[in-house]
Amino acid sequence: MRTLGIETSCDETAIGVVDDGSRLIASIVSSQVQLHAEYGGVVPELASRKHVEAMIPVLDEALTEAGCGLDGLDAIAVTYGPGLSGALLVGVNFAKALAFSLGLPLVPVNHLEGHVYAAWLHTDPTDPASEGPRFPSLVLFVSGGHSDIVLMEGHGRYRRLGQTMDDAAGEAFDKVGRLLGLGFPGGPAIDRLVAEHGRAKTLRLPRARLDGEYDFSFSGLKTKVQRIVRGEEGDAPEAAELAAAFQESVVDSLVTKALKAAANSGAREIILAGGVAANSELRRVLAERSPVPIVVPPPELCTDNGAMIAACAHHRFAAGDVAPLSLDIDPALKIG
Ligand code: KG4
Ligand code: ZN
């Protein structure tokens with residue numbers, strides 16, 4: 001079964017083609033990051049307009065990469081939430097038009113669930129890892145809008161064990177990136193700067209203590225960085241040192257809590273999901289400290305893409321999830 005997945009929830013217009021929920025055939029991502037960078041964040045109205053412009057060229061490119069035409073598709077999948085309303089509407093309406101005109105099923109996908117299914121994508125069917133993660137799996141979900149610890153007990157079965165009390169991990173990276181004058185988005189910029197600088201040499205920033213065993217908090221850390229940058233805590237260290245100490249603190253909190261949750265829930269594997277999963281320090285530390293196998297998709301499949309939406313849709317479709325053409329967006333959709 002060949003599924004086309006459409007993703008427009010934020011600032012990437014993305015379309016992927018996936019066979020049988022796991023075999024990656026094509027993935028095209030048109031990023032608007034340059035457009036929004038000058039405003040220091042995503043401007044919703046501009047994002048929607050750009051999605052409209054990019055949709056058809058991205059579809060053409062995805063089909064060219066897949067080596068098939070529209071008649072080679074078996075289902076149309078689309079992100080219907082969470083995300084920016086106007087941006088979601090562009091993708092959902094485009095998907096409806098395609099599904100209607102081709103007479104194909106329209107499969108609605110939760111963007112967060114889509115991120116998790118990046119863990120099922122592979123290009124080589126002879127690789128034993130292509131079977132996908134085993135259940136129960138512990139998902140460390142870290143993106144621009146979410147930081148959750150979720151136990152995945154089966155396809156489509158999620159139990160949220162912990163979440164952030166304030167900022168999401170990606171949001172914290174973006175805010176600290178801005179404080180350090182690194183532009184937007186801060187996550188990849190901090191990752192690159194620290195990769196050149198190395199570990200923090202003198203500075204150690206605090207880890208939040210919380211009542212919830214698997215909950216996170218990053219806003220205190222961000223405020224601490226802000227105070228240091230403003231010189232309220234003495235001479236400020238150079239940006240690279242501060243970025244390294246910040247990244248170490250975030251990664252330590254994320255990994256420590258995820259490992260604890262995995263041990264206490266008997267998880268057989270840990271899946272790293274969401275845009276922040278592209279972070280090289282997070283990937284390294286999780287691999288180093290995890291006693292159970294970890295599934296970490298390549299960085300380009302961790303950030304928003306259409307292939308993960310198509311992979312997820314395969315399992316939603318198998319569970320009987322097909323949307324009517326009256327499908328509406330759900331900007332505040334959750335997982336678990
Ligand atoms: O999942 P995603 O692409 O979009 C959302 O659904 O939110 O995540 C975007 C977030 C941004 O906050 C971005 O700064 C962060 O992921 N991010 C990173 C890295 N690449 C993307 N954060 C840290 N290190 C990275 N390499
Ligand atoms: Zn995302």
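All ligand and atom numbering here is 1-based and tracks the order in the structure.
Remark: minimum distance from atom 22 (N) of ligand 1 to any protein heavy atom is reached at G187 CA, 3.3 Å. Atom 11 (C) of ligand 1 has as its closest protein heavy atom D174 OD2, 3.5 Å. Among all non-hydrogen protein atoms, the one lying nearest atom 24 (N) of ligand 1 is N279 ND2, 3.0 Å. Ranking protein heavy atoms by distance to atom 15 (C) of ligand 1, first place goes to V276 CG2, 3.9 Å. Here the protein heavy atom with the shortest distance to atom 26 (N) of ligand 1 is D191 OD2, 2.8 Å. Taking atom 2 (P) of ligand 1 as the reference point, the nearest protein heavy-atom neighbour is D304 OD1, 3.4 Å.
By the criterion of a separation under 2.8 Å, the protein N/O/S atoms near the Zn ion (ligand 2) amount to H111 NE2, H115 NE2, D304 OD1.
Interface atoms of ligand 1 facing G145, defined by a heavy-atom separation under 4.0 Å, are 7 (O). For ligand 1, the atoms sitting less than 4.0 Å from at least one non-hydrogen atom of H111 are 6 (O), numbered in the order shown with element in parentheses. Every atom of ligand 1 with a heavy atom of G144 under 4.0 Å away is listed here by number and element: 5 (C), 7 (O), 8 (O), 9 (C), 10 (C), 12 (O). Residue G170 has at least one heavy-atom neighbour below 4.0 Å for each of these atoms of ligand 1: 12 (O).
Between the side chains of T79 and E7, at least one donor-acceptor pair of N or O atoms lies under 3.5 Å. Using modelled atom types and a 3.5 Å distance limit, the side chains of D304 and H111 yield a donor-acceptor pair.
The ring-ring contact (aromatic ring centres under 6.0 Å, His included) with H115 is formed by just one residue from the set Y158, W120, F141; it is F141.
For the atom pair Y80 OH and S9 OG, the distance stands at 13.0 Å (nearest 0.5 Å).
The aromatic ring centroids of H155 and Y117 lie less than 6.0 Å from each other. Outside the 6.0 Å centre-distance limit, the rings of H51 and F94 are not counted as a close aromatic pair. Ring centroids of Y39 and F184 are separated by 6.0 Å or more, keeping the two rings apart.
Scanning G275, P185, A189 for the heavy atom closest to atom 17 (N) of ligand 1 points to G275.
In H115, the part holding a heavy atom less than 4.0 Å from any atom of ligand 1 is the side chain.
Every heavy atom of C10 sits 4.0 Å or more from the atoms of ligand 1.
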